[in-house]
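Along the sequence shown, residues carry numbers from 1. All values below come from the heavy atoms of this structure, side chains included, with hydrogens, waters and symmetry mates left out.
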Amino acid sequence: MELSAQHKEAQKIFREFVKQNITPTAAECDRVQETPMDLIKTIADEGYLGALVPEQYGGKGMDPLSWGLLCEEVGHESASLLSLLTVHSMVIQAIVKWGTEGQKNKWLPRLATGETIGGFGLTEIKTGSDARNAKTVATLKEDYTSDEKTSSKDEGTAQFYVLNGRKRWISFGQVASLFIILGQLDEKPTAFLVERESEGFSTEAISGMMGFKSAMLAELRMDDCIIPGENMVGRPGFGFSHVIGAALDQGRFCIAWGSLGIAQGCVDACLSYTNEREQFGVSIKEHQLIQEMIADMITQTSAARMLCLNAASLKAKGDPSLIMETSMAKYFASRAAVKIAGDAVQIHGANGCSDQYPVERYFRDAKIMEIIEGSNQMQQIIISRYGYQKYQMSKMQEGKK
């Protein structure tokens with residue numbers, strides 16, 4: 001799975017961009033729990049927010065492997081900024097796959113340039129892994145007349161939806177301007193595009209998180225929030241299985257590659273540290289127990305990379321096994337990142353517990369990777385069911401012979 005010359009060049013460009021624009025402020029952003037809008041604009045101006053937007057709508061139309069390499073490089077330095085790429089691309093994926101032509105023409109060019117920042121509203125205060133049973137409720141209204149500003153009224157459309165509910169732990173919810181929201185319409189999971197300026201919509205910042213400190217998390221509040229009829233994505237009842245499902249598949253792909261970035265960041269930091277740090281009269285790289293941990297870290301990182309490369313290859317081909325292989329990549333890479341980050345802190349000793357060294361941040365961020373875009377326990381259930389399905393299919397095929 002050697003990278004082509006084209007992908008090696010892309011990787012070099014991504015790495016240099018991250019080194020110049022993200023690395024210098026990553027630790028400080030983590031401390032102040034904020035990402036400067038100037039940095040988001042820099043990422044947007046480079047075209048990275050539009051990486052997955054088709055070229056016909058003003059994006060780069062980036063291939064899956066290049067996208068994965070970008071996510072790795074960003075994750076290597078800032079998991080918080082990786083979450084911006086993740087949720088933004090999830091909104092793009094939902095619109096590209098399930099949006100109407102009107103929704104594509106309206107939103108994709110804006111998402112491509114960063115004029116609009118996408119947010120993903122799924123998790124609720126009492127609803128996490130069981131997301132299809134979200135408690136946010138949407139009600140159809142055909143006689144709403146009190147707000148002359150709504151786009152639907154301007155276009156002569158009388159149909160509206162009123163949303164009521166809360167969404168929590170939303171990455172970049174403090175600054176995003178367009179959210180995919182899952183709600184129940186007549187007890188059918190349904191996805192909606194909700195604009196920040198919508199009547200009845202507000203956000204409240206969340207701070208004090210263990211990791212992803214500069215991801216500018218927020219709680220989204222919808223209190224009789226008015227949504228134009230044309231902002232429904234897909235059909236009623238298709239919101240979770242199709243629209244949100246497509247977004248989550250994209251999100252897991254990003255998180256798999258971002259977890260690989262954290263793991264590689266830990267390996268790089270430990271190789272440098274053990275080469276310089278001395279104990280008992282020699283550099284600590286000479287101690288066999290250190291060598292054992294380094295060997296495990298390198299091996300697990302290499303294995304995670306192979307799974308991520310495989311997922312990218314299948315994604316490029318449109319292979320239906322992509323969904324399961326991406327789940328496995330996300331599951332393995334995030335677990336590996338947690339183990340590797342833990343060993344990295346151990347190798348650094350007390351220094352590893354200080355925010356003066358990046359492994360402290362890697363350790364906190366790695367744990368979040370095991371939870372977001374489908375917890376690892378959910379991935380275990382999905383993967384094991386897939387294994388049993390393949391087993392049953394093989395037995396049926398044997399029976400036919």
Side-chain angles (χ1 to χ4, degrees), residues 87 89-108 111 116 118-147 150-168 170 173 176-202 219-252 323 373-374 378 382:
V87 297
S89 70
M90 291 167 78
V91 175
I92 291 170
Q93 177 75 356
I95 295 174
V96 167
K97 191 162 186 179
W98 294 105
T100 64
E101 198 56 41
Q103 289 168 346
K104 293 175 184 178
N105 287 323
K106 179 177 181 179
W107 294 114
L108 291 180
L111 290 163
T116 294
F120 187 69
L122 180 61
T123 304
E124 299 182 350
I125 296 173
K126 294 184 178 181
T127 307
S129 294
D130 188 23
R132 70 169 63 244
N133 291 316
K135 305 305 180 187
T136 296
V137 175
T139 306
L140 175 64
K141 297 288 185 182
E142 296 188 357
D143 58 352
Y144 184 77
T145 58
S146 65
D147 188 354
T150 60
S151 60
S152 279
K153 191 171 183 62
D154 291 342
E155 296 170 9
T157 303
Q159 181 170 290
F160 296 84
Y161 295 96
V162 179
L163 268 62
N164 282 283
R166 300 284 188 273
K167 299 293 180 178
R168 196 160 175 80
I170 309 305
S177 47
L178 180 71
F179 299 87
I180 286 278
I181 300 291
L182 181 70
Q184 302 290 344
L185 178 63
D186 297 328
E187 300 184 352
K188 297 177 181 179
T190 306
F192 299 90
L193 292 170
V194 178
E195 301 172 57
R196 176 173 288 277
E197 294 78 14
S198 299
E199 182 179 337
F201 181 87
S202 62
E219 179 178 300
L220 313 183
R221 297 180 174 182
M222 289 151 287
D223 298 302
D224 290 333
C225 180
I226 307 301
I227 306 301
E230 68 267 19
N231 279 24
M232 179 191 293
V233 184
R235 293 161 47 191
F238 281 55
F240 184 81
S241 59
H242 292 67
V243 182
I244 298 300
L248 285 172
D249 290 338
Q250 177 60 49
R252 288 169 189 149
I323 295 174
E373 315 316 342
M378 291 303 298
I382 293 169

Check: Are the side chain of W98 and the backbone of H242 linked by a donor-acceptor contact shorter than 3.5 Å?
Finding: yes
Notebook entry, point to check: How far does CG of N133 sit from CD of E124, to the nearest 0.5 angstrom?
Noted result: 10.0 Å
Next item on the list: Could you tell me which residues satisfy salt bridge (Lys or Arg N to Asp or Glu O under 4.0 Å) with R221, sequence neighbours excluded, listed by chain and number?
Entry: E204, E219
Item checked: Set of residues satisfying ring-ring contact (aromatic ring centres under 6.0 Å, His included) with respect to F240, sequence neighbours excluded -> none
Check: So, for M378 and S129, which heavy atoms are closest and what is the spacing to 0.1 Å?
Finding: CG-OG, 3.6 Å
Check: Any idea which heavy atoms bring V91 and G119 closest together, and the distance?
Finding: CG2-O, 3.2 Å
Next item on the list: Take D224 and N164 through the side-chain hydrogen bond (donor to acceptor under 3.5 Å, both in side chains) test and state the conclusion after the steps.
Entry: CA-CA 5 Å; D224 290 333; N164 282 283; 3.1 Å; yes
Could you go through residues 181-193 and list every donor-acceptor pair under 3.5 Å that involves a side-chain atom there, pairing it with any protein atom two or more places apart or in another chain?
| unit_1 | atom_1 | unit_2 | atom_2 | d |
| --- | --- | --- | --- | --- |
| Q184 | NE2 | R132 | O | 2.9 |
| Q184 | NE2 | A134 | O | 3.2 |
| T190 | OG1 | K188 | O | 2.9 |

Next item on the list: For V162 and K141, work out which heavy atoms get closest and say how close.
Entry: CG2-CG, 3.4 Å
Next item on the list: Kindly state each residue pair satisfying salt bridge (charged side-chain N to carboxylate O under 4.0 Å, His left out) with at least one member in residues 237-247, sequence neighbours excluded.
Entry: none
Note to self: Can you list everything that forms a side chain to side chain donor-acceptor pair (under 3.5 Å) with S89? Sequence neighbours excluded, please.
What the structure shows: none
Check: Do the side chains of R166 and K135 get nearer than 4.5 Å, heavy atoms only?
Finding: no
Check: For the atom pair NZ (K106) and CD1 (I95), what is the distance rounded to the nearest 0.5 Å?
Finding: 10.5 Å
Note to self: What I'd like to find out is whether the side chain of L163 reaches to under 4.5 Å of the side chain of V137, using heavy atoms alone.
What the structure shows: no
Item checked: Interatomic spacing from CD1 in I92 to CG in L178 - rounded to 0.5 Å -> 10.5 Å
Checklist line | Aromatic ring pairing F201/F179, orientation class (parallel under 30°, perpendicular over 60°, tilted between) | finding: tilted
Checklist line | Closest approach of S198 to V194 (non-hydrogen atoms, all atoms of both residues) | finding: OG-CG1, 4.1 Å
Side-chain donor-acceptor contacts of residues 243-251 below 3.5 Å, not counting sequence neighbours, with atom names and distances?
| unit_1 | atom_1 | unit_2 | atom_2 | d |
| --- | --- | --- | --- | --- |
| Q250 | OE1 | K315 | NZ | 3.3 |

Checklist line | Evaluation steps, side chain to side chain contact (heavy atoms under 4.5 Å, CB included), between Q103 and V233 | finding: CA-CA 8 Å; Q103 289 168 346; V233 184; 4.3 Å; yes
Notebook entry, point to check: What is the distance from atom CD1 of I170 to atom CD1 of I180, rounded to the nearest 0.5 Å?
Noted result: 12.0 Å
Margin query: Other residues, nucleotides and ligands only: do more than 12 of their heavy atoms fall within 6.0 Å of NZ on K97?
Written below: no
Check: Do T100 and E230 have side chains that get closer than 4.5 Å, going by heavy atoms?
Finding: no
Notebook entry, point to check: Can you tell me how far CZ of R168 sits from OG1 of T127, rounded to the nearest 0.5 angstrom?
Noted result: 13.0 Å
Checklist line | Considering all heavy atoms, the nearest E195-N231 contact | finding: OE2-ND2, 3.8 Å
Item checked: Distance, nearest 0.5 Å, that separates CG of L108 from OG1 of T116 -> 10.5 Å
